[in-house]
Amino acid sequence: MYKRQVLQLLADTPGYRAADALLHPALEAMGLGCTRDQLRMHLSWLDELQLITVEERGNAAISTLSERGGDVARGQALVNGVARPAPGR
């Protein structure tokens with residue numbers, strides 16, 4: 001669930017990019033609390049699958065949605081380990 005929500009948050013963000021400092025509280029607001037370290041592990045996994053790119057800038061991890069990641073966020077492509085979006089989303 002975390003991984004799809006990260007993709008969805010990035011898809012809904014202008015420029016399709018956000019820092020982990022913005023993603024973390026957004027996930028918590030959705031009831032998906034996790035540590036910053038756990039979030040960075042999810043981001044790293046999504047980066048390995050080329051669904052996002054992660055750029056380290058000092059203490060921040062800036063994530064940018066890839067075209068493939070956008071397809072997965074919209075439910076147009078499936079990736080094992082990433083939940084499908086709910087119908088109508």
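The structure displayed is predicted, hence computed values, not measured ones.
Closest heavy-atom contact between A19 and I62: CB-CD1, 3.6 Å. Between N80 and W45, the shortest heavy-atom distance links the atoms O-CH2, 3.4 Å.
Environment of CD in Q50: sparse, with no more than 12 heavy atoms of neighbouring residues, nucleotides or ligands closer than 6.0 Å.
Contacts of A21 classified as side chain to side chain contact (heavy atoms under 4.5 Å, CB included), with partners at least two apart in sequence or in another chain: R36. Taking the ring-ring contact (aromatic ring centres under 6.0 Å, His included) definition, one finds that H42 meets it with Y2, sequence neighbours left out.
One hydrophobic cluster holds both L10 and V79 under the rule that ILVMFWY side chains link at heavy-atom gaps under 4.5 Å. No single ILVMFWY cluster, assembled from side-chain heavy atoms under 4.5 Å apart, contains both L22 and L9. At a threshold of 4.5 Å between side-chain heavy atoms, the hydrophobic network of Ile, Leu, Val, Met, Phe, Trp and Tyr places M30 and L7 in one connected group.
Evaluation of the side chain to side chain donor-acceptor pair (under 3.5 Å) test over residues 61-73, restricted to residues two or more places apart or in two chains, returns D71-R74.
The structure places CG of L65 at 9.0 Å from OG1 of T13, a figure rounded to the nearest 0.5 Å. A distance of 12.0 Å separates CG of L46 from CZ of R4, quoted to the nearest 0.5 Å. Rounded to the nearest 0.5 angstrom, L51 CG and K3 NZ are separated by 10.5 Å. Remark: Q5 CD to L23 CG distance equals 11.0 Å, nearest 0.5 Å. In this structure, CG on L39 lies 4.5 Å from CG on L43, to the nearest 0.5 angstrom.
S44 places no side-chain N or O within 3.5 Å of a backbone atom of R40 that could act as its donor or acceptor partner.
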